[in-house]
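Here is the structure we will look at, set down as structure tokens.
Lettering of chains follows the sequences in order, A, B, ..., and the numbering in each one begins at 1.
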Amino acid sequence: MKEIPKAYNPKDVEDKIYHKWEESGYFNPDNLKLPKNGDYFSISMPPPNRTGTLHTGHATMLAYQDLMVRFNRLLGKKTLWLPGTDHAAIATQTKVESILYKEEKKTRHDLGKEKFLQKVREFAEESKKTINQQVRKMGSSCDWSRERYTLDEGLTQVVKYTFIKMYDAGLIERDYRIVNWCPRCNSTLSDDEVEYKEVNAKLYTFKYSKDFPFAIATTRPETKLGDTAVAVNPKDKRYKKYIGKTYTVDLGHGKQEIKIVTEDSVDPNFGTGALGVTPAHSIIDYEIAQKNNLPLIKVIGEDGKMTKEAGKNYQDLTVEEARDKFVKWLEKEGLMEKIEDTKQNLSICYRCDSAIEPLPSLQWFVRVNKKVTLAGNKYFQNKTIREVALQVVKERDIKIIPERFEKTYYQWLENLRDWCISRQIWFGHPIPVWYKDKGKKNEEIFVGLEAPKGDWVQDGDTLDTWFSSGLWTFSTLLDKNYKKYKTWEEWLKNSPDMQFHPTSVMETGYDILFFWIARMIIQTTFILGDIPFKTVYLHGLVRDEKGRKMSKSLGNVVDPLDLIEKFGTDALRVAMISGTAAGMDMRLYDEKVEGARNFVNKLWNISRYILSSVSEIKLVEEKPGPKTLADEWILARLEQVTAEITLDLENFNFSGASDALRNFTWSDLADWYLEISKLQRANSKLVENTENILLYILGKLLILWHPFIPFVTEEIWANFGCKDLLMVQSWPISKESEQKEKIEKEILYPFWKFEEIMMTIRNLRADFKVDPAKKVSVSIIGKNLDKIRFEEVKEVIIFLARLDKLEIEKSKPKNSVSHVLEGVGEICLHLEGLVDIKKEKERINSEIKSVSGFIKSLEQKLKNKDFVEKAPKEVVEKEEFKLKEQKEKMEKLEEQLKSLK
RNA sequence: GGGCAAUUAGCUCAGCUGGUUAGAGCGUUGCAUUCACAUUGCAAAGGUCACUGGUUCGAUCCCAGUAUUGCCCACCA
């Protein structure tokens, strides 16, 4: 007898087990013993931002990824899960700025660039430590020896090369365009980094001047100081006569020319139907201006204040001040017609929630609509970035799960504008561009890895953080010692770890489909001429109990570490994976994790029962021969559930796999076979074999559960006294050829037989036979079911009592039960009753009709060559099996019908 | 405005290309329980699969429409 604690206590084992794993070196694929077929499986961990701590989103991704990684490692594949962190330029800088202000009431400018960056680096380093510790807490089996950081030397080198290559190909250019400007972050943002918020606003309707023929409406009067046109719908009769004319107006800051132009998108029913065009401060207006060759007047500056061009009266005022002043002026001049309340969709910065100010600025852009041809690149042959990004998904080089997100992705690509990649942030990858005589007429530009000799000044901006994240799947696999390689091409080609590229799966939340997934596809196809990953699996977002998004202001943020503290990592992992479907949001709350914890404890006690009671603890690797029907049944169920969850896991149906395994473990194994085993072990002829079966099943079960709940399974495994760890055992799957035979002989037969008995007993169902004498007989026969589950047998009686056709009273069911209780070997009940032949005939006939229809449709399906050839084997086999089943059923029904006549 | 999804038990959700009796967890109710496990066992109650039509021998599933909710994108100046 071995002493095992009554309840599983995760706190006692988790850290200890993780240590064991880490020390074993098995996280590193170089240390795995591998079979000949060299299949690999790799995942790049989406690098958490170095902004602080782990949240539920991270916990979710870690649970899913570790599940896949452990499963594939057990399958014997060369498995790599590469961890790392992201510098998250804007997010990290913002965070440090707010800490700095809170603690010292200083801004980054008070400190100066170098000192401030030093602070950010320290903060990022601290965050990394915390995060890595928490990633370990989740049980992640990632290879720490390959850990990377987006600001690593090697990765920085890749970023530079990529920039240069894209610049040389003409895909990156510097241009003066309207950008999204965040006055608080003091930086540009890409279109995807802009969010929207509905706010109450005022809609002002006014005329530019007394002699201007009609009024316009706007929520932002102060920008009208920069208007150069008014756009009307070409079909709008009211304004037809003014189209093409130019008016000179004075808005109190000098003369300005307003031209009347047409634009299809103008809604004649909104406001006055006339749109004041401010080319410098609205992207739409900018596009209208370009079509009509209108000048730009920049009235708002990067600091969020009015510029010189806004006129003396307004210069240096904030936007709000300028608005008040201008509105007062309009009212005084009698130009204001009305002020109404309205709702406005305000654009805000996704990091700091400040209002975005669109304004023209000289920035670096990635051109998405320029056709390029790259030597040796199978994708870029006279194609644009947009076309290639579309192609790889449309042609299924990359598969997205769930599929519906492919459509979302296409839509994003259709609306895609050039990507602004320069940021006026200090923390990040400097842009590898140098200028001579910057801003002067004879300005020279140099794009390269290092500063050229002479009087050159580097671009002060940094790159969008997603520019470096977009390279993540391969930049992390390149040899750290890049100096070893003569050329960039050699580095890409000959780095040993590039054997893991393209990565097998990219697993992440659907919220960064555009931010990240799309960028990786764009950049990787450009640089490597290859895809970054074969499959994208998108999980949903974690919400609170009421389905709300977690947010600090609501105070409903769930800390995964709290849940781990309360229920253990394994429980949290199961809770996150079960009861969800791909891409669907999930709710997380204590009760759910508690349920999972209870299951983990159940598994613990199953093994406690087995391990503490067998005469000898040993690993039984060969399947013991079954001696009873119950043995046959449980072994067959194990095979069946193994096949089922293997298929589920391969098809990314994680929730289905965990449900199936849980049902097998709890209902079949614990509730049935373990009870039966107690009786079998009382029999001296069966005891040894039964114990072997228990040990065999437990061993396999631990492997099957390991990807889901690695800690508890590894801890139980240790009791077997094996040298090697559970995490590197072999997944129990038999060879394909054997599999088919097994299904016929070993799985189906005992499964159905025992299942039938259980069904009969449990679900109050029995096999009916109607004989010519109008009598119904119900019989239940099961060997080796003696003295087991008497409660269940009671149900049979209750069932019979419910069939009012049967003369139940006479058979005294209660006595029958006691009779059965005492009986040994066989349970046999026999009851008789009357049946309505007419109704029975009708029932059978209608059933025959439906079954024959079913058979017909199945036969048709199997005749269809397209289906037989294209559908997966399992599906075709399943259909064939169904046909067989239905034909048998048909025979039975016909027999029944005959017997009624 | 465009798109995507959801609507299944009191609650949270599964349901894998249409097939006998629609499932699970939690909750509720009753009973049991020194024998691996109260983090337990056995059972019960609880569903017109949102609604209306259509296709089919057969629809929770496919098609059309309606209603409600959520999300994404575009954006109203």
Roughly, in whole Å, what's the span from [atom1] in [X] to [atom2] in [N]?
X: A:R220; N: B:C76; atom1: CZ; atom2: C1'; answer: 14 Å
X: A:I216; N: B:C76; atom1: CD1; atom2: P; answer: 14 Å
X: A:K856; N: B:C57; atom1: NZ; atom2: C1'; answer: 9 Å
X: A:D285; N: B:C75; atom1: CG; atom2: P; answer: 12 Å
X: A:D648; N: B:A14; atom1: CG; atom2: C1'; answer: 12 Å
X: A:Y286; N: B:C75; atom1: OH; atom2: C1'; answer: 19 Å
X: A:K592; N: B:U12; atom1: NZ; atom2: C1'; answer: 7 Å
X: A:R662; N: B:A14; atom1: CZ; atom2: C1'; answer: 13 Å

Can you check the distance between [N] and [M], where both ends of the measurement are the [atom1] atom (answer in whole Å)?
N: B:G70; M: B:C13; atom1: C1'; answer: 16 Å
N: B:C51; M: B:U8; atom1: C1'; answer: 14 Å
N: B:U20; M: B:G27; atom1: C1'; answer: 31 Å
N: B:G54; M: B:C72; atom1: C1'; answer: 32 Å
N: B:U28; M: B:U39; atom1: P; answer: 14 Å

Whether the side chain of A:N345 and the base of B:C75 hold a donor-acceptor pair under 3.5 Å is what I'd like checked.
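Indeed, a donor on one side and an acceptor on the other fall under 3.5 Å apart.
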When only distance counts, do a donor and an acceptor, one from the side chain of A:S857 and one from the base of B:G18, lie under 3.5 Å apart?
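Checked by distance alone, the answer is no.
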Salt bridge between [X] and [Y], side-chain N to carboxylate O under 4.0 Å?
X: A:R220; Y: A:E357; result: yes
X: A:R597; Y: A:E591; result: no
X: A:R238; Y: A:D236; result: yes
X: A:E340; Y: A:K202; result: no
X: A:K399; Y: A:E406; result: no
X: A:R573; Y: A:D570; result: no
X: A:D192; Y: A:R519; result: yes
X: A:E414; Y: A:R386; result: no

If you look at every strand shown and take non-hydrogen atoms under 4.0 Å, does [X] touch a base, only sugar-phosphate, or nothing?
X: A:S655; answer: nothing
X: A:G579; answer: sugar-phosphate
X: A:Q344; answer: sugar-phosphate
X: A:R417; answer: sugar-phosphate
X: A:V266; answer: base

Out of [options], whichever nucleotide has its closest atom nearest the side chain of [X]:
X: A:N598; options: B:C57, B:U39, B:C76; result: B:U39
X: A:Y196; options: B:A74, B:G25, B:U39; result: B:A74
X: A:S850; options: B:C75, B:C73, B:G19; result: B:G19
X: A:N653; options: B:G19, B:A77, B:C16; result: B:C16

Is there a Watson-Crick or G-U wobble partner for [N] with both distances under 3.5 Å, and if so, which one is it?
N: B:G41; result: B:C31
N: B:C76; result: none
N: B:A14; result: none
N: B:U66; result: B:A50
N: B:U20; result: none

Check whether any side-chain N or O of A:R597 sits under 4.0 Å from OP1 or OP2 of B:U39, and answer yes or no.
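Checking A:R597 against B:U39: no side-chain N or O falls below 4.0 Å of OP1 or OP2.
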Could you go through nucleotides 34-36 of chain B and list every protein N or O atom that sits under 3.5 Å from one of its N or O atoms, giving the distance for each pair?
| unit_1 | atom_1 | unit_2 | atom_2 | d |
| --- | --- | --- | --- | --- |
| B:A36 | O3' | A:R608 | NH2 | 3.1 |
| B:A36 | O2' | A:N605 | OD1 | 2.7 |
| B:A36 | O2' | A:R608 | NE | 3.0 |
| B:A36 | O2' | A:R608 | NH2 | 2.8 |
| B:A36 | N3 | A:N605 | O | 3.0 |

Taking the six-membered ring for Trp and the full ring for Phe, Tyr or His, determine whether the centres of A:F405 and A:Y410 are under 6.0 Å apart.
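For A:F405 and A:Y410, the ring centres are not under 6.0 Å apart.
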Fit a plane to each ring of A:F326 and A:F206, take the angle between them on a 0 to 90° scale, and name the class: parallel (under 30°), tilted (30 to 60°) or perpendicular (over 60°).
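Perpendicular, since the angle between the ring planes exceeds 60°.
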Mutual orientation of the aromatic rings belonging to A:Y8 and A:W604 [parallel < 30°, tilted 30-60°, perpendicular > 60°]
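A:Y8 vs A:W604 ring planes: tilted.
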Sort me out a list of protein N/O and nucleotides 3-6 of chain B N/O pairs below 3.5 Å, or just none if empty.
| unit_1 | atom_1 | unit_2 | atom_2 | d |
| --- | --- | --- | --- | --- |
| B:G3 | O4' | A:Q411 | NE2 | 3.4 |
| B:G3 | O2' | A:Q411 | OE1 | 3.2 |
| B:G3 | O2' | A:Q411 | NE2 | 3.2 |
| B:C4 | OP1 | A:K407 | NZ | 2.5 |

Walk me through whether A:K566 and A:D590 qualify under salt bridge (charged side-chain N to carboxylate O under 4.0 Å, His left out).
CA-CA 9 Å; A:K566 259 185 178 158; A:D590 274 22; 2.6 Å; yes
